[in-house]
Amino acid sequence: MKSLGDMLLNTGPFSEIVLGNTALARAMIESGTEVVASYPGSPTPEIGAALMSVPKERRPYYFEFSTNEKVATEVACGASLNGHPSCVFFKSVGLNVAADSFVQLSLLELGGGLVAILGDDPGANSSQNEQDNRHIARLAYIPVLEPASPAEAYAFYLEAMKLSRKRKMPVILRMTTHVCHGKEKVAFAGWTPRPIGTVPAFDSSAGPSIPLTSRALDMKRRAIARLAEVAQEIDGSPLHELRKGNDPSKGIITAGLPFRSLVDVLEDAAEKPDILKLGVVHPLPKGLVADFLRSHASVKVLEELDDVLEREIKALAFDLGIRTVVVGKTGPEDWIGEYTPDKVAEVLAKTWPSLVPRKSAERASSLAPRPPQMCPGCGHRSAFHAVKQALSKKDITVADIGCHTLGFFPPYNMGEVLLSMGHSTGTAAGLSLFNTTRKVVAFLGDSTFFHAGLPGIVNAVFNNHNLVLVLMENGTTAMTGHQDHAGSGGNANGPAEAIPVRSVLEGLGVKSIREVDTYSQAKLIQMVREAVAEEGFSVVIARHPCMLKYTREQQRAPGYVRKSVNIDQEKCDKLHVCVESFACPSFQRDEEGRVVVSTELCIGDGSCIQTCPAKAIGVKKVQEGGGKA
Ligand SMILES: Cc1ncc(C[n+]2csc(CCOP(=O)(O)OP(=O)(O)O)c2C)c(N)n1
């Protein structure tokens with residue numbers, strides 16, 4: 001079987017069942033995209049995994065995971081200014097981090113072209129909100145293409161890059177979770193490898209590229225003019241699709257994944273309305289939409305999340321005096337969640353009840369909800385178990401984003417407020433003001449430390465805030481699939497010198513720094529107590545490698561011995577600290593109250609041993625034999 005990397009480099013045409021994210025990686029190669037930058041975040045990190053599956057020496061592109069989305073945008077921008085077709089990709093909320101540079105992109109002359117893939121997350125499957133990034137299109141004068149499937153993701157990327165290069169402007173490819181993660185057979189075209197040009201094409205006279213005083217206005221004029229040119233040509237774009245039904249009085253305008261759900265819902269409908277599926281959602285293809293409105297008595301706008309298309313379509317109908325009834329969102333629930341077939345059936349039934357033949361109930365999932373939890377052996381569990389003992393109940397804890405956010409769940413209950421990546425030190429500083437009775441303790445992961453954590457820390461030093469920061473250092477970006485970060489000792493291109501978090505903290509002027517392995521519970525408890533007792537800003541580095549990553553690496557090594565902990569039932573006092581407070585999922589209680597260990601889950605790390613007051617936990621060998629993939 002061919003490796004993913006070989007498949008991506010295959011120069012001939014072929015068809016394969018792939019993820020939307022993999023289809024995008026192939027589209028980058030076929031389109032001659034030379035520079036790609038990102039910061040990991042669901043639903044897009046598999047694009048990075050696909051790009052990294054090609055051995056570095058064979059990559060017809062440069063790829064990096066940058067320190068954050070803003071830097072990734074800047075890297076792609078700089079490369080495009082130098083003539084390299086470039087791409088930046090990140091998750092929905094990544095746009096908030098990138099925004100300061102992102103909104104400037106359309107003001108520039110992006111000679112190489114630049115496609116920005118935004119991975120929106122309707123349903124907030126793995127995000128702290130479900131923001132609709134189509135709004136940025138108006139703010140930043142950038143066209144938006146929206147595919148509905150992996151095959152379209154591939155085809156639309158190729159179009160996006162073509163458009164971007166032709167107009168020297170950024171183009172957004174808006175993806176959503178199930179377009180990224182859906183699988184489909186995609187027919188790929190061939191491509192011809194060519195060397196990446198090394199003569200820098202940057203020409204400042206092609207600008208202006210410096211938005212100072214009146215130049216910023218000229219640059220804005222140019223951005224608006226370019227967008228107007230795009231608007232002129234997109235009415236006839238092959239990316240739009242018109243599906244004729246058998247009920248000419250009704251029409252539905254939709255785009256992206258809701259289109260797929262709609263087709264599914266209407267499969268058995270006796271009366272099928274005409275469907276206009278938009279491929280370019282900004283600027284609105286006005287001629288196409290106006291013709292569709294004019295030829296139907298009533299039109300439903302079916303869109304996931306916000307009323308972006310609805311507002312524009314209603315404004316267009318008003319401007320042109322079109323008297324078609326346009327129905328968009330009919331209630332607050334229409335703004336929320338993924339437009340799965342169930343949801344589309346529900347939304348559609350509120351406008352046209354006779355149209356929806358299927359009962360949503362028939363499709364209801366029978367899967368029981370399962371709360372997410374930290375892995376067996378996770379150093380964050382040990383950290384929370386210890387920190388909880390070190391704090392008093394009235395202290396305030398501030399969560400951040402990463403695997404450690406799971407400390408919010410019982411029994412740890414650590415982290416009571418969460419805004420965004422890297423917010424914790426800043427929010428904790430605010431909580432500490434005028435607060436003389438409740439110590440504030442913030443948590444922060446190491447990838448996030450470099451991503452957006454540093455300004456909050458600088459602020460805490462600079463303004464002498466009174467709080468404790470527990471830096472949860474596990475040597476990787478665990479939550480999104482173990483990508484390297486500036487402190488991990490590697491990058492997307494191989495080994496790299498790690499930037500030690502301690503040196504950074506010292507360099508920033510943090511005076512009180514303690515470091516401990518989270519498996520050393522007593523020491524960690526002691527250090528947090530000391531830090532809490534101090535006035536001012538203190539940091540406790542609570543370190544332990546991500547055990548999921550570590551165990552996977554160990555399993556591949558020859559001579560690996562699988563271990564598990566075991567309970568000495570004679571010694572066990574049935575206090576159940578292991579089940580109730582430490583709460584490793586490997587422990588379960590049987591009907592008689594005996595603790596049993598799942599050897600399937602347990603990795604034999606032994607972090608639980610010290611938490612047992614009866615000293616009833618030991619480690620045993622389960623199985624020999626490593627070298628497993
Ligand atoms: C702005 C933004 N970018 C990306 C993400 C996706 N994301 C969630 S947690 C995380 C980083 C986690 O790494 P780290 O801080 O080291 O904590 P760990 O998961 O390793 O414990 C990322 C990148 C996000 N939520 N927000």
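Counting starts at 1 for both ligands and their atoms, in listed order. A quick note: this is a predicted structure, and the numbers were derived from the prediction, not measured.
- Listed by number with element, the atoms of ligand 1 under 4.0 Å from a non-hydrogen atom of Ala478 are 18 (P), 19 (O), 20 (O).
- Near Thr480, meaning under 4.0 Å from one of its heavy atoms, ligand 1 places the atoms 6 (C), 7 (N), 22 (C), 23 (C).
- Taking atom 17 (O) of ligand 1 as the reference point, the nearest protein heavy-atom neighbour is His404 NE2, 3.6 Å.
- With Thr518 contributing its side chain and His380 its backbone, the two residues share no donor-acceptor pair below 3.5 Å.
- Taking only nitrogen or oxygen atoms, main chain and side chain alike, Asp446 reaches within less than 3.5 Å of ligand 1.
- Both the backbone and the side chain of Thr448 come within 4.0 Å of ligand 1, judged by heavy-atom distances.
- Residue Gly41 has at least one heavy-atom neighbour below 4.0 Å for each of these atoms of ligand 1: 6 (C).
- With ligand atoms numbered from 1 in the order given, ligand 1 contributes 1 (C) to contacts under 4.0 Å with heavy atoms of Val97.
- Using a 4.0 Å cut-off between heavy atoms, Met421 contacts ligand 1 through its side chain alone, with no backbone atom that close.
- Between the side chain of Thr477 and the backbone N or O of Gln483 there is at least one donor-acceptor pair closer than 3.5 Å.
- Contact detail for Pro147 and Arg174: the closest heavy-atom pair is CD-O, 3.3 Å.
- Under 4.0 Å from ligand 1, the heavy atoms of Thr476 that appear belong solely to its backbone.
- Arg562 and Ser564 share no donor-acceptor pair across their side chains, judged by distance under 3.5 Å alone.
- Contacts between Met472 and ligand 1 below 4.0 angstrom, taking non-hydrogen atoms only, are absent altogether.
- Remark: distances from the non-hydrogen atoms of His380 to ligand 1 include one below 4.0 Å.
- Of the options Thr44, Asp120, Asp121, a side chain to side chain donor-acceptor pair (under 3.5 Å) to Thr177 is made by Asp121 and by none of the others.
- In terms of polar-atom proximity, defined here as any N/O pair under 3.5 Å, His485 makes no such contact with ligand 1.
- With a 4.0 Å cut-off on non-hydrogen atoms, Lys91 touches ligand 1 through its side chain and not its backbone.
- Ring pair Phe443/His404: centre-to-centre distance not below 6.0 Å.
- Residue Gly402 has no nitrogen or oxygen atom sitting less than 3.5 Å from a nitrogen or oxygen atom of ligand 1, judged on distance alone.
- The side chain of Tyr39, and not its backbone, has at least one atom closer than 4.0 Å to an atom of ligand 1 (non-hydrogen atoms only; side chain from C-beta on).
- The parts of Val93 lying near ligand 1 are both backbone and side chain, judged by heavy-atom distances below 4.0 Å.
- Judged purely by atom type and a 3.5 angstrom limit, Asp605 uses its side chain to pair as donor or acceptor with the backbone of Ser607.
- For His282 (side chain) and Tyr141 (main-chain N/O), no donor-acceptor pair under 3.5 Å exists by modelled atom type.
- Close approach of ligand 1 to Asn474 is summarised as follows: ligand atoms under 4.0 Å from at least one heavy atom of the residue are 18 (P), 20 (O), 21 (O).
- Scanning all protein heavy atoms for the shortest distance to atom 11 (C) of ligand 1 gives Thr477 CG2, 3.6 Å.
- Ligand 1 lies within reach of Glu69, whose nearest heavy atom is under 4.0 Å from it.
- Remark: minimum distance from atom 25 (N) of ligand 1 to any protein heavy atom is reached at Ile401 CG2, 3.7 Å.
- Partner Lys388 forms a side-chain contact (heavy atoms from CB on, under 4.5 Å) with one of Ile525, Asn413, Val528, Thr397 and no other, that one being Asn413.
- At least one N or O atom of Ser447, backbone or side chain, sits closer than 3.5 Å to an N or O atom of ligand 1.
- Ligand 1 has no N or O atom lying under 3.5 Å from any N or O atom of Pro40, backbone or side chain.
- At least one N or O atom of Cys403, backbone or side chain, sits closer than 3.5 Å to an N or O atom of ligand 1.
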Test Ile401 against His451 for side-chain contact (heavy atoms from CB on, under 4.5 Å), laying out the working first. CA-CA 11 Å; Ile401 300 194; His451 169 276; over 6 Å; no
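- With hydrogens and angles disregarded, a donor-acceptor distance shorter than 3.5 Å links the side chain of Gln610 to the backbone of Gln521.
- Between Ile172 and Ile136, the shortest heavy-atom distance links the atoms CD1-CG2, 3.6 Å.
- Side-chain atoms of Thr427 never come within 3.5 Å of backbone atoms of Ser424 as a donor-acceptor pair (strictly under, hydrogens ignored).
- The environment of Arg529 atom CZ is dense: over 12 non-hydrogen atoms of other residues, nucleotides or ligands sit within 6.0 angstrom.
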